[in-house]
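In the text below, chain A, chain B and the rest are named by the order of the sequence lines, each starting its count at 1.
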Number of protein chains: 2
Amino acid sequence: MVNTTPFLSPHPAFVANPKSHCGTCNLRDLCLPIGLVDAELDRLDHIVKHRRRIARDGVLYRMNDPFVNLYAIRVGHFKTYQVNANGAHHISGFQMTGELLGMEAISSYRHQCNAVALEDSEVCEVPFSELENLLKDVPIMLHHFHRMMSHEIAQDRNAMLQLGNLRAEQRFAAFLLNLSTRYKNRGYSATHFQLRMSREEIANYLGLTNETISRLLSQFKKTGWVKANNREIALIDLPALRLLAEGK
Amino acid sequence: MVNTTPFLSPHPAFVANPKSHCGTCNLRDLCLPIGLVDAELDRLDHIVKHRRRIARDGVLYRMNDPFVNLYAIRVGHFKTYQVNANGAHHISGFQMTGELLGMEAISSYRHQCNAVALEDSEVCEVPFSELENLLKDVPIMLHHFHRMMSHEIAQDRNAMLQLGNLRAEQRFAAFLLNLSTRYKNRGYSATHFQLRMSREEIANYLGLTNETISRLLSQFKKTGWVKANNREIALIDLPALRLLAEGK
DNA sequence: CGCCCTGTTGAAACAGATCAACGGAGGTGG
DNA sequence: CCACCTCCGTTGATCTGTTTCAACAGGGCG
């Protein structure tokens with residue numbers, strides 16, 4: 001259901017590769033699989049000047065901040081959320097290692113959402129204007145970047161489809177499967193992982209309430225599709241979850 | 001609420017400019033405001049080889065079609081929709097003159113949705129690989145393209161916010177205001193326009209039912225916020241609609 | 001003219017929200 | 001180390017917005 005091509009995720013072998021010249025950034029690692037030569041990789045290393053640590057609940061950027069950098073998540077998890085006129089906020093996504101934050105800001109030169117760390121995390125600052133300069137000299141990287149932006153669009157479309165079409169239990173199943181796929185692509189278990197976000201945050205993301213999420217999880221436990229202990233999740237019956245998410 | 005910077009819409013003066021060398025495409029017009037020199041514009045003209053007419057209900061591309069071209073809408077309206085495993089379909093957006101179709105397909109080399117004309121329409125085929133070639137030589141166009149993709153992301157995020165947070169009447173008000181803004185940016189009336197899509201299609205897009213849309217429209221007519229006759233819409237009280245859309 | 005498709009309106013059913021109470025985990029300070 | 005407190009998660013009972021089902025009106029088109 002969710003289109004998460006391995007190509008666009010860091011190959012496990014490259015995540016946090018200690019041999020990276022950069023030493024500050026997984027951006028190089030992200031790009032290794034696309035076949036860059038050393039000189040190109042060096043240029044990539046050089047535009048990333050800062051690695052930034054963000055503590056749990058720390059803010060990476062805020063809505064309306066001027067747009068300067070993209071951020072490649074080196075370790076950790078983030079959430080991005082928007083705040084509307086009457087103060088209500090809506091989580092637009094959860095991001096994990098290897099994903100790129102801030103692309104929504106290119107069009108308006110200001111960030112369109114808040115980005116907050118869900119756990120102690122680390123990002124690489126990628127000055128966008130310098131990245132664009134580099135991209136125009138390295139066609140393969142240019143193309144890769146376009147694919148990353150396009151992937152973001154495809155993902156958002158998918159999330160819209162879920163919000164607009166699916167019943168609560170389907171949305172939640174799709175959410176768990178989405179996490180599963182993304183962890184798998186990063187070389188982690190597709191069936192056993194820890195939720196980094198609260199029930200409240202999941203509910204907000206899915207357009208539901210925390211009570212509903214709680215009830216659904218209990219229900220999934222009862223049917224034997226998942227085991228769960230607090231935020232520790234084990235997906236027992238992936239096929240059943242897929243069937244449910246895809247509309248019974 | 002919706003971030004539709006004028007920069008990213010064609011300036012009214014440039015839409016369907018009969019003097020365009022291209023003659024087949026409004027892509028040149030779309031790019032005029034960003035300050036390209038003639039030689040660059042000529043290159044842009046040359047990569048667009050085909051203009052395509054699509055009759056009402058005609059298909060521009062289908063889900064899973066191999067990705068070759070982006071399409072710039074020259075005249076008309078389109079809808080894009082996805083079909084899930086059990087046949088249900090969900091409209092992910094309505095596109096109008098000057099907007100670019102197909103960006104969701106760059107990442108996977110296949111289209112992720114169906115694009116269908118809501119009325120007799122005309123598009124310019126933009127071969128993507130040739131466009132990328134051009135972009136790397138013309139930094140200002142490259143940047144403009146990135147802004148267009150980013151704008152798409154920001155828009156989708158906004159739609160997600162609406163689907164996830166708003167009650168039916170708020171969604172529908174936000175929908176009408178979104179159309180209003182986009183027509184205004186194209187030099188048309190912000191208050192008087194014709195819906196190109198059925199109640200059914202609006203409902204599907206907003207995650208509601210056609211009955212609900214119908215009831216809401218009646219309600220808006222009763223309160224005097226809009227006048228409506230079939231698909232002819234007049235927004236009488238924009239401030240009231242904005243207040244409603246932003247959460248009372 | 002008559003058919004079909006789109007839109008409207010009403011009544012009943014239901015999914016999920018809301019309100020409320022409680023239990024348990026983890027962190028903090030004594 | 002324990003007691004306390006707060007936040008998070010769970011479960012139950014009720015309420016409500018939206019869907020569903022149904023009937024009908026109107027307009028466009030063959």
message: Between B:Y205 and B:F94, is the ring centroid distance below 6.0 Å?
response: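 Close enough - the centres of the two rings lie under 6.0 Å apart.
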
query: Between which nucleotides of DNA chain C, read 5' to 3', does contact with chain B run, using atoms under 4.0 Å from its heavy atoms?
result: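 Taking any atom under 4.0 Å from a heavy atom of chain B, the span is C:dT6 to C:dA11.
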
Rounded to the Å, how far apart are [X] [atom1] and [N] [atom2]?
{"X": "B:L163", "N": "D:dT18", "atom1": "CG", "atom2": "C1'", "answer": "15 Å"}
{"X": "B:E169", "N": "D:dT16", "atom1": "CD", "atom2": "P", "answer": "15 Å"}
{"X": "B:F172", "N": "D:dT19", "atom1": "CZ", "atom2": "C1'", "answer": "17 Å"}
{"X": "A:N230", "N": "D:dC7", "atom1": "CG", "atom2": "P", "answer": "17 Å"}
{"X": "A:I202", "N": "D:dG9", "atom1": "CD1", "atom2": "C1'", "answer": "11 Å"}
{"X": "A:R199", "N": "D:dT11", "atom1": "CZ", "atom2": "C1'", "answer": "14 Å"}
{"X": "B:E211", "N": "D:dG17", "atom1": "CD", "atom2": "C1'", "answer": "14 Å"}
{"X": "A:I213", "N": "D:dG9", "atom1": "CD1", "atom2": "P", "answer": "11 Å"}

So [X], base contact, sugar-phosphate only, or nothing? Heavy-atom distance under 4.0 Å.
{"X": "A:R231", "value": "sugar-phosphate"}
{"X": "B:T212", "value": "base"}
{"X": "B:S214", "value": "base"}

query: Can you tell me if CZ on B:R231 sees more than 12 non-hydrogen neighbours from other groups inside 6.0 Å?
result: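 Yes, the 6.0 Å shell around CZ holds more than 12 heavy atoms from other groups.
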
query: What residues form a side-chain contact (heavy atoms from CB on, under 4.5 Å) with B:E211, not counting sequence neighbours?
result: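 With neighbours one apart ignored, the set is B:T209, B:R215.
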
message: On DNA chain C, does the nearest nucleotide to A:R215 precede the nearest nucleotide to B:R215 from the 5' side, or the other way round? Give the residue.
response: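 Final value for this comparison: B:R215.
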
field: Contact summary for B:Q112 and A:A154, nearest pair of heavy atoms
entry: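 Closest approach of B:Q112 to A:A154, heavy atoms only: CG-CB, 4.4 Å.
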
field: side-chain hydrogen bond (donor to acceptor under 3.5 Å, both in side chains), paired with A:E99, selected from A:H77, A:Q155, A:H151, A:R186
entry: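 Filter result, single survivor: A:R186.
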
- request: Inspect the contact between B:D120 and B:R53 and indicate whether a charged nitrogen and a carboxylate oxygen are less than 4.0 angstrom apart.
  value: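 Looking at B:D120 together with B:R53, the answer is no, because their closest N to O distance does not fall below 4.0 Å.
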
query: Hey, does B:L217 have a side-chain heavy atom less than 4.5 Å from the side chain of B:F172?
result: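 Yes - at least one pair of side-chain heavy atoms lies under 4.5 Å apart.
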
field: Non-hydrogen side-chain atoms of A:N69 and A:V126 separated by less than 4.5 Å
entry: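 They are not in side-chain contact.
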
- prompt: Are side-chain N/O atoms of B:Q82 and B:S92 paired as donor and acceptor at under 3.5 Å?
  reply: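 The criterion, which ignores hydrogens and geometry beyond distance, is not satisfied for B:S92 and B:Q82.
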
End axis versus end axis in the helix from C:dC1-D:dG30 to C:dG30-D:dC1, the angle rounded to 10°, five pairs used at each terminus: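 End axes: 40° apart.
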
